[in-house]
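The structure displayed is predicted, hence computed values, not measured ones. Side-chain atoms are counted along with the backbone in the values below, which use heavy atoms only and exclude waters and symmetry mates.
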Amino acid sequence: MALKGIDIFKLTPKTNCKECGNPTCMAFSMKVASGAVEITKCPHLSDEVLAKVSESNAPPMKSITVKAGDTEYKLGGETVLYRHEKTFVSKTLYAMTVCTCMDDATVDQKIADSMKVDYDRIGERMYCEYIFVNCKDNADKFTALAQKAAAANRGVVLNCTDVDTMKAAATAIKDAKPILNGANASNYEAMSALATELGCVLGVSGADLDELYDTVAKIEALGNKNLILDVGTASVKAAFEGAVQIRRAALLNKDRTFGYPTIVNVGALAAGDEAFETALASLFTVKYGSIVVLSDMTYAKSLALHGLRQNVFTDPQKPMKVEPGIYPLNKADENAPCCITVDFALTYFVVSGELERSGVPCNLLISDAGGYSVLTAWAAGKLSANTIVKFINEHDIANKIKNRTLILPGKVAVLKGEVQDKLPDWKVVVGPTEAVGLVKFMKELQA
């Protein structure tokens with residue numbers, strides 16, 4: 001049970017030294033209890049007290065660190081069942097599948113195709129983070145596939161229940177820190193020992209939730225709490241019930257035995273139906289797959305899944321923004337006119353889409369407006385003549401672009417006079433009030 005503020009206060013030195021950044025030990029204790037401040041901010045607490053408070057105030061779902069190529073990710077650590085309650089903190093990761101049952105040419109092609117899906121969307125890299133290596137037979141080929149997956153600079157999930165086969169493959173790529181997805185009721189001791197020896201996350205499965213629960217409890221008793229739970233592939237219904245019940249047991253019942261992230265193999269559940277597989281991946285992105293395994297990753301799947309993931313795992317209290325700067329469209333150069341708008345992601349995509357549709361070369365200037373829409377930014381003082389001039393000066397627009405035409409959003413036409421006064425060398429033009437009018441407007445401006 002989490003300690004209350006008064007309980008934490010009793011463990012502090014009560015000197016009100018302010019070294020933690022708070023005026024009193026009581027204020028510090030209250031913030032620690034609410035999760036706003038880490039207990040380690042107090043330099044005068046013993047290791048015993050730090051461990052006691054950290055353990056009692058830790059989220060019911062353990063946060064584990066996984067390695068995917070050169071990048072580390074956090075899985076788990078969630079505190080709410082629904083995003084509107086607070087926010088989700090650890091985004092779902094996606095994996096594509098290769099198997100020992102495939103020939104080398106098929107494996108190479110699948111990996112190469114998945115590597116092509118790699119792009120940026122609103123400042124976030126969208127790609128397939130993991131390769132799921134499935135062993136159906138041939139231990140030597142399993143090791144070779146593991147090495148090939150690790151060489152692709154992606155994370156690796158090794159799926160095998162035979163301890164010796166798993167050990168050979170995992171040892172061969174131990175620096176990649178693969179997830180060893182193979183522990184069950186019959187082999188958990190040996191699998192746990194192997195995962196602990198190599199410093200890897202251990203995937204645990206069971207014939208049903210009861211068996212999974214008992215196996216996790218036994219592995220925890222061995223001292224291993226670096227786990228991820230496989231909900232299985234018996235049926236879609238069983239996998240969904242497993243993912244939901246595991247999350248509810250951890251967060252509502254505070255049962256830390258089920259307080260781990262989950263892995264869901266939707267490729268196996270869909271059995272070759274691509275549309276159904278994408279639908280299942282969408283389902284488990286929301287409910288509650290930490291790693292979702294697909295048969296492959298294509299742009300068609302990626303655009304749907306990564307877009308959904310970015311929306312679900314974006315903090316609803318923080319607006320989605322694009323990076324301020326100059327965005328040349330339609331092969332624009334220094335002689336193309338400038339359109340300026342705000343950094344709200346939706347505004348950027350709508351405006352840039354219409355400008356591209358016009359076919360007229362232009363430089364889209366994105367100013368820092370705190371992620372607000374045009375009218376909201378204007379009302380908050382984040383889009384004004386002063387901020388526009390500041391942006392143009394900070395980004396050295398005058399020296400980078402020779403064209404002196406600046407197009408303002410039509411909804412802030414009121415700024416035209418003041419902007420013109422502050423930028424006398426520019427021709428300030430008011431654009432349409434709605435983005436849909438940009439195609440006609442830009443063509444007429446070019447004429």
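A heavy-atom distance below 4.5 Å is found between the side chains of Asp255 and Tyr213. Using a 4.5 Å cut-off on side-chain heavy atoms (C-beta onward), Val286 and Leu308 make contact. Looking only at side-chain heavy atoms (C-beta outward), Tyr348 and Leu364 come within less than 4.5 Å of each other. At a threshold of 4.5 Å between non-hydrogen side-chain atoms, the residues Leu305 and Leu294 count as touching. For the pair Thr79/Leu251, no side-chain contact is recorded, criterion being any heavy-atom separation below 4.5 Å from C-beta on. Using a 4.5 Å cut-off on side-chain heavy atoms (C-beta onward), Met126 and Gln310 make contact. The side-chain heavy atoms of Thr165 and Cys135, taken from C-beta on, include a pair separated by under 4.5 Å. Taking the side chain as every heavy atom from C-beta outward, Leu212 and Ile246 approach each other to under 4.5 Å.
We find the CZ-CE distance between Phe344 and Met320 to be 8.5 Å, quoted to the nearest 0.5 Å. Note that the CG atom of Asn159 and the CG atom of Asp230 stand 7.0 Å from one another [nearest 0.5 Å]. Here Phe132 contributes atom CZ and Met96 contributes atom CE; the two are 11.5 Å apart, rounded to the nearest 0.5 Å. A distance of 9.5 Å separates CZ of Phe313 from CZ of Arg83, quoted to the nearest 0.5 Å. The line from SG of Cys339 to CD1 of Ile366 is 10.0 Å long, rounded to the nearest 0.5 Å. Taken from SG in Cys160 to CE in Met166, the straight-line distance is 5.5 Å, to the nearest 0.5 Å.
Among residue pairs with one or both ends in residues 236-252, those qualifying as side-chain hydrogen bond (donor to acceptor under 3.5 Å, both in side chains) are Lys237-Glu241; sequence neighbours excluded. Evaluation of the salt bridge (charged side-chain N to carboxylate O under 4.0 Å, His left out) test over residues 268-297, restricted to residues two or more places apart or in two chains, returns Glu274-Lys301, Glu277-Lys301, Asp296-Lys301. Residue pairs that meet the salt bridge (charged side-chain N to carboxylate O under 4.0 Å, His left out) test with at least one member in residues 328-341, sequence neighbours left out, are Glu334-Lys402. The salt bridge (charged side-chain N to carboxylate O under 4.0 Å, His left out) pairs that include a residue from residues 61-73 number zero, where partners must be two or more places apart or lie in different chains. Sequence neighbours left out, the pairs with a member in residues 138-150 that pass side-chain hydrogen bond (donor to acceptor under 3.5 Å, both in side chains) are Asp108-Lys148. Contacts classified as salt bridge (charged side-chain N to carboxylate O under 4.0 Å, His left out) and involving residues 84-97 (residues at least two apart or in different chains) are given here: Lys91-Glu124.
Under the 3.5 Å distance criterion, the side-chain polar atoms of Asn330 are matched with a main-chain donor or acceptor of Leu355. Without hydrogens or angle criteria, Thr262 side chain to Tyr288 main chain gives a donor-acceptor distance under 3.5 Å. When atom types are taken as modelled, the side chain of Thr100 and the backbone of Asp137 share a donor-acceptor pair closer than 3.5 angstrom. Without hydrogens or angle criteria, Ser192 side chain to Glu189 main chain gives no donor-acceptor distance under 3.5 Å. The backbone N or O of Val163 sits nowhere less than 3.5 Å from a side-chain atom of Asn187 that would complete a donor-acceptor pair. Using a distance-only test at 3.5 Å, with no hydrogens or angles considered, a donor-acceptor pair links the side chain of Asp7 to the main chain of Lys4. With hydrogens and angles ignored, the 3.5 Å screen pairs no side-chain donor or acceptor of Asn311 with any backbone N or O of Thr314. Side-chain atoms of Asp343 come within 3.5 Å of backbone atoms of Ala369 as a donor-acceptor pair (strictly under, hydrogens ignored). Judged by distance alone, with hydrogens and angles left aside, the side-chain atoms of Glu78 form a donor-acceptor pair with the main-chain N or O of Ser90 at under 3.5 Å.
Contacts of Asp396 classified as side chain to side chain donor-acceptor pair (under 3.5 Å), with partners at least two apart in sequence or in another chain: Asn399. Listed by chain and residue number, Tyr299 satisfy the ring-ring contact (aromatic ring centres under 6.0 Å, His included) test with Tyr119 (two or more places apart in sequence, or in another chain). Under the rule for a salt bridge (charged side-chain N to carboxylate O under 4.0 Å, His left out), Glu220 has no partner lying at least two apart in sequence or in another chain. Residues satisfying the salt bridge (charged side-chain N to carboxylate O under 4.0 Å, His left out) test with Lys411, not counting sequence neighbours, are Glu434.
Minimum heavy-atom separation, Val80 to Phe88: O-CE2, 3.6 Å. Gly232 and Leu269 make their closest contact through O-CD2, 4.3 Å (heavy atoms, listed as atom of the first residue, atom of the second, distance). In plain terms, the two heavy atoms of Ala413 and Val430 that are nearest each other are CB-CG1, 3.6 Å.
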Is there a side chain to side chain contact (heavy atoms under 4.5 Å, CB included) between Ile179 and Ile263 once you walk through the steps? CA-CA 11 Å; Ile179 295 173; Ile263 184 169; 5.7 Å; no

Go through the steps for Leu93 and Val66 under the test side chain to side chain contact (heavy atoms under 4.5 Å, CB included), then give the verdict. CA-CA 10 Å; Leu93 303 180; Val66 293; 4.2 Å; yes

Set out, in order, the CA-CA distance, both residues' side-chain angles and the distance that settles side chain to side chain contact (heavy atoms under 4.5 Å, CB included) for Phe258 and Leu209, then state yes or no. CA-CA 10 Å; Phe258 264 169; Leu209 283 178; 4.2 Å; yes

Go through the steps for Ser367 and Leu383 under the test side chain to side chain contact (heavy atoms under 4.5 Å, CB included), then give the verdict. CA-CA 8 Å; Ser367 64; Leu383 179 62; 4.2 Å; yes

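The one candidate from Leu198, Asp162, Leu180, Leu194 that meets the side-chain contact (heavy atoms from CB on, under 4.5 Å) condition with Lys167 is Leu194. The only option from Val107, Leu145, Leu158, Val98 that meets the side-chain contact (heavy atoms from CB on, under 4.5 Å) definition with Ile131 turns out to be Val98.
Between Asp113 and Lys110, no side-chain nitrogen of the basic residue sits less than 4.0 Å from a carboxylate oxygen of the acidic one, so the salt-bridge criterion is not met. The pair Arg357-Glu354 meets the salt-bridge criterion, since a charged nitrogen lies less than 4.0 angstrom from a carboxylate oxygen.
More than 12 heavy atoms of other residues, nucleotides or ligands shown are found within 6.0 angstrom of NZ on Lys400. Other residues, nucleotides and ligands contribute over 12 non-hydrogen atoms within 6.0 Å of the CD atom of Glu211.
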Between side-chain atoms of residues 435-447 and protein atoms elsewhere (two or more places apart, or another chain), which donor-acceptor pairs fall under 3.5 Å?
none

Throw together a table of side-chain donor-acceptor distances under 3.5 angstrom for residues 370-381, partners on residues two or more places apart or in other chains.
from	atom 1	to	atom 2	distance (Å)
Ser373	OG	Thr376	OG1	3.0

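Between Phe391 and His395, the ring planes lie tilted relative to each other; the angle falls in the 30° to 60° range.
In this structure, Arg125 is positioned above the aromatic face of Tyr127, its NZ or CZ under 6.0 Å from the six-membered ring centre and within 45° of the axis.
There is a side-chain donor-acceptor pair under 3.5 Å between Thr285 and Tyr94.
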